[in-house]
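Nothing here was measured: the structure is a model prediction, and the numbers come from that model. The figures that follow rest on heavy atoms only: side chains count, while hydrogens, waters and symmetry mates do not.
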2 protein chains.
Amino acid sequence: MDAEAIKRSLGGSGLRCTPQRYAVMAFLMEHNSHPTAAQIFEAVNRVDPRSSRATTYNNLRDLVQAGLVREVAVEGRAARFDAKGMRHHHFICDRCGNVEDIEWYDVPRPASRSLGKRMLRECELIFRGLCTKCALRDTLPVKCRRHVGTR
Amino acid sequence: MDAEAIKRSLGGSGLRCTPQRYAVMAFLMEHNSHPTAAQIFEAVNRVDPRSSRATTYNNLRDLVQAGLVREVAVEGRAARFDAKGMRHHHFICDRCGNVEDIEWYDVPRPASRSLGKRMLRECELIFRGLCTKCALRDTLPVKCRRHVGTR
DNA sequence: TGAAGAATTTAGATTCTATCTAATGTGACA
DNA sequence: TGTCACATTAGATAGAATCTAAATTCTTCA
C-alpha cells in the first residue's frame, strides 16, 4: 500500500529497498492469507521484475530476522509468512493446513521459576482445529462435499 | 518403562504392538529431549530389531494421530516429537532449535466471536527465546564459547 | 566522476526432510 | 490352515529450503 512506509521500515532495519525485496514485503502487506514461500515467489514473478527462488528465500529470511515478517511453521507443510501488522494469534487448520488470524488478547507469561535462566523473547498462542470451510465440509453429506473447496 | 502400559495404550488406539512401534513409543517415553524422527530412527536401530526409515515415520504418524505423541514443528528444522505425558507448554530456542518443556498452566480461550464457525480442538502456548545454554553462551567472552556445547 | 567494496541477485546444484511404491512379512481369527 | 487386514521394508521420489560461485547493483568516498 504505502510504498514510502515500506522503504522506511526496510531502511530502518538496515536492509536496502531492492525491487525484489520490496515486492515480497508489499505482497505480504496486501495479503493476509499467510502464503508459503513458493506462493510468494510465484505471485511476485507474475508481475514484472523477475526474481529467483533463492532471492525470495533470502529476502524472507532477512525480513524475518529484521522482525518485519513472521514465519509460521506448520507440521508436514511448507512454512507460512505473515507481515507483522496488528498483533494477533494464529489458527492452524488440522485438515487443510491453512493459517488464519485470531484477534489478539494478552497471554499470561510463565512463572519465572519455570523459565530458569532462559531468555524469553515472545509468547505465541496457536489454536488448532478445523477452519470454517473444513468444519462445514465435515457436516455435509458426502455427495455435497465437492462443492466446498478444500483450499 | 512400563511395557504393559505401552501395550495397553497402543491397543486402546487400535494399533498393534509391533516391535518397531513399541520401540518408538518406549524411546519417546524414556527421553524428554524432543528428538527428531531421524534421531529416533537412529536410536531405535542402535538396539536390536532393525527398523526402516519409512516405518519410523509411519509409526510416528500413527502415534500422533492416535493422540499418544505430539509433533512440534520448528521453523527451518526437522519436526520434534514428544510422548504426551503430563501436560506442558514448549519453549523453542531461537538459536539452536531445541525444544524444552515448560510447566503447564491454563491458557485462556479466545472469545467465541473471534472463532466464528471454526472448530477449536486445542490451544498451544509456545515460548521463544534463548535456552539456558545459548543464553549463557551469549554472555561469555568469545574465547570461552567453545566450552559451551551448541548440540 | 569512478574505483573499491559491500550488499544483493541469480541459476542451478545440493541437502535435508518426509512420503510413496510395490513387494514382502506378520498376526488375528474363522 | 487359509484368509485378510495390518505392518514393514529398501529404495525411489517428492517437496522445501539452502548453498555455490559468479554476476550485478548500490554506496561511499577519494
Query raised in the report: Whole-Å distance between dA16(D) P and L60(A) CG?
Result: 14 Å
Report task. For F41(B) and dT19(C), give me the distance from atom CZ to atom P, rounded to whole Å. Result -> 15 Å
Query raised in the report: If only side-chain N and O atoms of Y57(A) are considered, is one of them under 4.0 Å from the OP1 or OP2 phosphate oxygen of dA17(D)?
Result: yes
Report summary line: note: Q65(A), atom CD; dA7(C), atom P; distance rounded to Å ~ 14 Å
Report task. List the steps and the verdict of side-chain contact (heavy atoms from CB on, under 4.5 Å) for M29(B) and I6(B). Result -> CA-CA 9 Å; M29(B) 293 181 74; I6(B) 294 181; 3.7 Å; yes
Query raised in the report: Closer than 4.0 Å, any side-chain N/O of R21(B) to the OP1 or OP2 of dA7(D)?
Result: yes
Report summary line: By nearest-heavy-atom nucleotide on DNA chain C, the more 5' of A79(B) and Q20(A) is Q20(A)
Query raised in the report: Whole-Å distance between dA17(D) C1' and E75(B) CD?
Result: 14 Å
Requested in this report: May I ask you to check if R118(B) and F91(A) form a cation-pi contact, with NZ or CZ under 6.0 angstrom from the six-membered ring centre and within 45° of the axis?
Outcome: yes
Query raised in the report: Under 4.0 Å: is that the gap between some side-chain N or O of T18(B) and OP1 or OP2 of dG27(C)?
Result: no
Query raised in the report: Atom NZ of K7(B) and atom P of dG27(C): how far apart are they, to the nearest Å?
Result: 12 Å
Query - Gap between atoms CZ and P, on R77(A) and dA17(D) respectively (whole Å) - result: 13 Å
Requested in this report: Give a yes/no answer on whether the side chain of S51(B) brings an N or O atom under 4.0 Å of OP1 or OP2 in dT9(D).
Outcome: yes
Report task. Could you please name the option among dA18(C), dA10(D), dA5(D) that lies closest to any side-chain atom of R16(B)? Result -> dA5(D)
**Report entry** Gap between atoms CZ and C1', on R61(A) and dC19(D) respectively (whole Å)
**Finding:** 11 Å
Report task. For the pair R8(B) and E4(B), find out whether any cationic side-chain nitrogen is under 4.0 Å from an anionic carboxylate oxygen. Result -> no
Report task. Check the distance between dC26(D)'s C1' and L10(A)'s CG and give it to me in whole angstrom. Result -> 15 Å
Requested in this report: May I ask you to say what T55(A) touches in the nucleic acid, namely base, sugar-phosphate or nothing, with a heavy-atom cut-off under 4.0 Å?
Outcome: base
Report task. Identify, between G14(B) and N58(A), the residue whose nearest nucleotide on DNA chain D lies closer to the 5' end. Result -> G14(B)
Report task. Please determine if R113(B) and E103(A) form a salt bridge, counting it only when a charged side-chain N lies under 4.0 Å from a carboxylate O. Result -> yes
Requested in this report: Output yes when E75(A) and R80(B) qualify as a salt bridge under the 4.0 Å nitrogen-oxygen rule, no when they do not.
Outcome: no
